[in-house]
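Worksheet: one structure, shown below.
Reckoned from all heavy atoms, side chains included, excluding hydrogens, waters and symmetry mates.
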Amino acid sequence: MSPDLLAPNQGDAADAPAWFNWALSNPGESRYVDADGLRLHYLSWSEQNTDKPVLLFVHGLRGHARWWDCIAPFFAQDYRVVALDLAGMGDSDYREAYDDQVSSIDITSFIEKTGLGPVIGVGHSFGGARMLRACADRPDLFSRLVVLDSLVVFP
C-alpha cells in the first residue's frame, strides 16, 4: 500500500467538493428520546416540517448518526430527516446486554416514542439488517425500506 494512502489528510475544506462542504455546513440538530428504558440520541434535519414524509437513517455496526451528515441535508427540503444512534453507539445510552433483537427494538421504540411513523427507513450494513427485522416485526411503522450493503439470512 502506498505510504500516501496511509498518511493523514493534509488538506483542508477547500480540497473537498463543494457539495460535501455544503452538507457539513448544514448539520442536524442533536436530540434525545427515552425509548424502551434508554436515552436514544438522534439528529434531525427539518423535523418540524410535519407535512413531509419521514426519512429515517440507521448506521452500521460501531457507527453513529453523524455517518449520514454528508447526505442527509440534501433530503431535508422534501423529507423530515432523522438519523438514529443505536443503543451503545454514538451518543445513545448503553445496555447491560445485547441480543439479536435489541437494535430492531431500539428502532421500533424510537419510531413509536417520537411519533414519526410510518417512516421510510434507510439502513446501512448492521443497521440495514436491524431495520429489516424491525419492519418485519412492525410493518405498521414503515412505508418503505431501503437496505444497503447488509448481510441478511432468511431461515
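- Not a single donor-acceptor pair under 3.5 Å links the side chain of Trp67 to the backbone N or O of Phe57.
- For the residue pair Ala83 and Ala65, the shortest heavy atom distance occurs at O-CB, 3.3 Å.
- Across all non-hydrogen atoms, the minimal contact from Asp106 to Leu84 is O-CD2, 4.4 Å.
- Each ring-ring contact (aromatic ring centres under 6.0 Å, His included) pair with one or both residues in residues 103-146, not counting sequence neighbours, appears once here: Tyr42-Phe110.
- Here Leu86 contributes atom CG and Ser104 contributes atom OG; the two are 10.0 Å apart, rounded to the nearest 0.5 Å.
- No donor-acceptor pair closer than 3.5 Å links the side chain of Ser109 to the backbone N or O of Ala35.
- Val54 and Trp45 are not part of a single hydrophobic cluster, where members link through side-chain heavy atoms under 4.5 Å apart.
- Here side chain to side chain donor-acceptor pair (under 3.5 Å) pairs that include residues 81-92, with residues two or more places apart or in two chains, are His41-Asp85.
- Grouping the Ile, Leu, Val, Met, Phe, Trp and Tyr side chains by contacts below 4.5 angstrom, directly or via other members, places Ile107 with Val82.
- The shortest heavy-atom contact between Ala76 and Ser46 is O-OG, 3.1 Å.
- Using a 4.5 Å cut-off between side-chain heavy atoms of Ile, Leu, Val, Met, Phe, Trp and Tyr, Trp19 falls into a hydrophobic cluster with Phe20, Trp22, Leu24, Phe74.
- The hydrophobic clustering, which links ILVMFWY residues whose side-chain heavy atoms are closer than 4.5 Å, places Ile105 and Met131 apart.
- The NZ atom of Lys52 sits 7.0 Å away from the CD atom of Gln77 when rounded to the nearest 0.5 Å.
- Judged by distance alone, with hydrogens and angles left aside, the side-chain atoms of Ser150 form a donor-acceptor pair with the main-chain N or O of Leu148 at under 3.5 Å.
- In the hydrophobic clustering of ILVMFWY residues, with side-chain heavy atoms under 4.5 Å counting as a link, Val146 and Val152 come out apart.
- By the 4.5 Å heavy-atom criterion applied to side chains, Arg80 and Leu116 are counted as neighbours.
- With sequence neighbours excluded, no residue forms a salt bridge (Lys or Arg N to Asp or Glu O under 4.0 Å) with Asp149.
- Taken to the nearest 0.5 Å, the CG atom of Leu43 stands 4.5 Å off from the CZ atom of Arg66.
- In this structure, CZ in Arg95 is found 7.5 Å from OG in Ser103, a value given to the nearest 0.5 Å.
- Around CZ of Arg62, the count of heavy atoms belonging to other residues, nucleotides or ligands within 6.0 Å does not exceed 12.
- His64 is linked by a side chain to side chain donor-acceptor pair (under 3.5 Å) to nothing, counting only residues two or more places apart in sequence or in another chain.
- When the side chains of ILVMFWY residues are joined at heavy-atom separations under 4.5 Å, either directly or via intervening members, Val119 and Val81 end up in two distinct hydrophobic clusters.
- In this view, Ile120 and Pro53, Leu55, Tyr79, Ser143, Arg144 satisfy the side-chain contact (heavy atoms from CB on, under 4.5 Å) rule, not counting sequence neighbours.
- Here the CD1-CZ distance, from Ile111 to Arg138, works out to 8.5 Å after rounding to the nearest 0.5 Å.
- Expressed to the nearest 0.5 Å, how far CZ of Phe75 lies from CH2 of Trp68 amounts to 9.0 Å.
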